[in-house]
Amino acid sequence: MIAGLPQRRTRTDGRDSMNQQTTQNLTLFDLLARTWQRPSAIAELGFSADGSAVAFTSVDGTVAIAAVADNEPPEARIRVSNDLGQTTIRPREKPPLPLIATAAFAEGDVPLATHPHSGFLVGAASGEVLHLTAGGEVANPLIRIDGPIVAIDHSARAGTTAVSNGHDVFLSQSESGTTRLERDVTSSTDCLAFSPGGRGLALGLGEGLSIWAIEDDAALIRDVSLPARPVSIRWNRDGTWLACGLETGGLGLVSIAGGQADIVEGFPSPVRTVCWSSPANALFASGAFRIAGWSMTAPPVGGETSGALETGRAGLVLVEVVAAHPEKKLIAAGYANGRITVAQVGMRDELLVRPLGSAVTALAWSGDGRHLAIGAVDGTAAIVTFPAQMFK
């Protein structure tokens, strides 16, 4: 559950009257976030495999890297009064360590994936897949293909990288080089995702999905027709379900084992992001005026609605991005008006992290659930580090 928040501390010296109002107006974001300003909108972000760094991609083609380690963690700023036992937290006194920024890899935003050992993989307009270290160093290209890279994913378990130039899809393993996926269709492919075990690969295929088995020789499992172009693809933890947000018309949901495929409709806005909560066995999506979610004990296929989970509070502003906590039944949501909340699955209770700001474009939790990385339209990049006692 979401525990009671540390209270904001006011000064007890002679400057209290001057600072009390300002301090009391501080938000959780002011108290817990490290923020940086990039020159253009944040398009995507991701944590490194070891959890030590976050990479933020921008629409100007650059990547900026932040260290996750906090030079002024919340635990060091929390105090408990001896008389009343009241918990308070003081604001940060030091600026965060600066971001490490790269030169532009393309004229627009670049695709990003986590490197299995350290750092990140970046797809460049030159057709090269580059290893970007957590220190911002760019190593020699790992893959070269014709045409700019528009999508990339990497499976550490399979040791395989998949890339697309928008038309062809290529698979690369260090011991066997790079091969093109032999397909009979010519539809565009600008999003792709490996299954958790690395044995399956899902491709956005024009207005549809193409699902492949890639253990030995790649083989087509099935094609799924959709009413619109997929803009995001997410597998659940055990690889039995696949969800994708659609450019228009809701989200697609596919049962890999059962062969079911359906469209979840009724969204007032495009579903930019979907996420799976493993602790809650549930699916969540953006694109509505509240966090939209369903328990997978009653999947939302064939008109089934009994699994709907009313999560967080309904309002007048659209949810743009959702992210599921890796260990707890919590969902983070970013809104079009910059609002950021963390809600308990299936409950109205929510923690207001930021009340207003620029529209949120990207959210991700660290693997241990202690940090929430945030990107926004105005170029704000941030990491919110929550005290250990925040979520119980």
Side-chain angles (χ1 to χ4, degrees), residues 151 153 164 169 183-196 200-213 220-278 280-312 314 318-324 331 333-336 345-346 363:
D153 196 16
S164 171
V169 176
R183 302 185 297 161
D184 296 330
V185 295
T186 58
S187 299
S188 62
T189 299
D190 49 15
C191 63
L192 48 81
F194 280 106
S195 65
L201 178 67
L203 316 173
L205 195 67
E207 293 185 350
L209 284 175
S210 185
I211 304 170
W212 291 71
L220 177 66
I221 297 176
R222 64 180 302 194
D223 286 330
V224 178
S225 178
L226 299 170
R229 183 177 69 92
V231 294
S232 60
I233 302 173
R234 295 290 184 272
W235 299 76
N236 71 340
R237 179 174 288 183
D238 62 11
T240 57
W241 287 91
L242 182 67
C244 60
L246 302 178
E247 195 169 43
T248 59
L251 66 89
L253 185 60
V254 180
S255 169
I256 303 302
Q260 297 169 284
D262 209 342
I263 307 301
V264 183
E265 301 176 315
F267 288 83
S269 179
V271 179
R272 292 186 55 245
T273 60
V274 293
C275 68
W276 297 93
S277 170
S278 296
N281 186 29
L283 169 66
F284 293 88
S286 63
F289 292 105
R290 74 179 314 153
I291 302 169
W294 302 266
S295 169
M296 294 306 289
T297 59
V301 296
E304 177 64 58
T305 59
S306 64
L309 297 169
E310 292 189 0
T311 300
L318 287 165
V319 175
E320 293 287 337
V321 195
V322 290
I331 304 296
Y335 291 74
V345 170
L363 285 177

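Keep in mind that this is a model prediction, so the values were computed, not measured. Values reported hereafter were calculated over all heavy atoms of this structure, with side chains retained and with hydrogens, waters and symmetry mates removed.
- Taking CG from Asp153 and CZ from Phe194, the interatomic distance works out to 6.0 Å, rounded to the nearest 0.5 Å.
- Side-chain contact annotation: Asn236 with Thr240, donor-acceptor N/O pair under 3.5 Å present.
- The backbone N or O of Ala228 sits nowhere less than 3.5 Å from a side-chain atom of Thr248 that would complete a donor-acceptor pair.
- Nearest heavy-atom pair across Ala308 and Trp294 is CA-CD1, 3.8 Å.
- Put simply, the side chain of Arg229 never gets that close to the backbone of Glu207: no donor and acceptor are under 3.5 Å apart.
- The heavy-atom pair separating Ala280 from Val345 by the smallest distance is CB-CG1, 3.9 Å.
- Val274 and Leu251 make their closest contact through CG1-CD2, 4.2 Å (heavy atoms, listed as atom of the first residue, atom of the second, distance).
- Shortest non-hydrogen contact noted between Leu209 and Ile233 is CD2-CD1, 3.7 Å.
- Going from atom CH2 of Trp241 over to atom CD1 of Ile256 covers 9.5 Å, rounded to the nearest 0.5 Å.
- From Leu309, atom CG reaches atom CD1 of Ile331 across 9.0 Å, with rounding to the nearest 0.5 Å.
- Under the 3.5 Å distance criterion, the side-chain polar atoms of Ser164 are left unmatched by any main-chain donor or acceptor of Val169.
- Neither side chain, Ser188 nor Asp190, offers a donor N or O lying under 3.5 Å from an acceptor on the other.
- Annotation: the span from Ser269 atom OG to Glu320 atom CD amounts to 6.0 Å, rounded to 0.5 Å.
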Please list every donor-acceptor pair under 3.5 Å in which a side-chain atom of residues 258-268 meets a protein atom from a residue at least two apart or in another chain.
{"from": "Asp262", "atom 1": "OD2", "to": "Gly302", "atom 2": "N", "distance (Å)": "2.5"}

_Working note: Phe289 + Val319, criterion side-chain contact (heavy atoms from CB on, under 4.5 Å); need CA distance, chi angles, decisive distance, verdict._
CA-CA 6 Å; Phe289 292 105; Val319 175; over 6 Å; no
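- How far OG of Ser195 is from CH2 of Trp212: 15.0 Å, rounded to the nearest 0.5 Å.
- What you find for Arg272 and Val321 is that their closest heavy atoms are NH1-CG2, 3.5 Å.
- Smallest separation of non-hydrogen atoms from Cys191 and Pro230: SG-O, 3.5 Å.
- Atoms CG and OG1, from Leu363 and Thr273 in turn, are 8.0 Å apart once rounded to the nearest 0.5 Å.
- At least one side-chain heavy atom of Leu226 sits under 4.5 Å from a side-chain heavy atom of Leu246.
- Residues satisfying the side chain to side chain contact (heavy atoms under 4.5 Å, CB included) test with Ser278, not counting sequence neighbours, are Arg237.
- Partners of Thr305 by side chain to side chain contact (heavy atoms under 4.5 Å, CB included), not counting sequence neighbours: none found.
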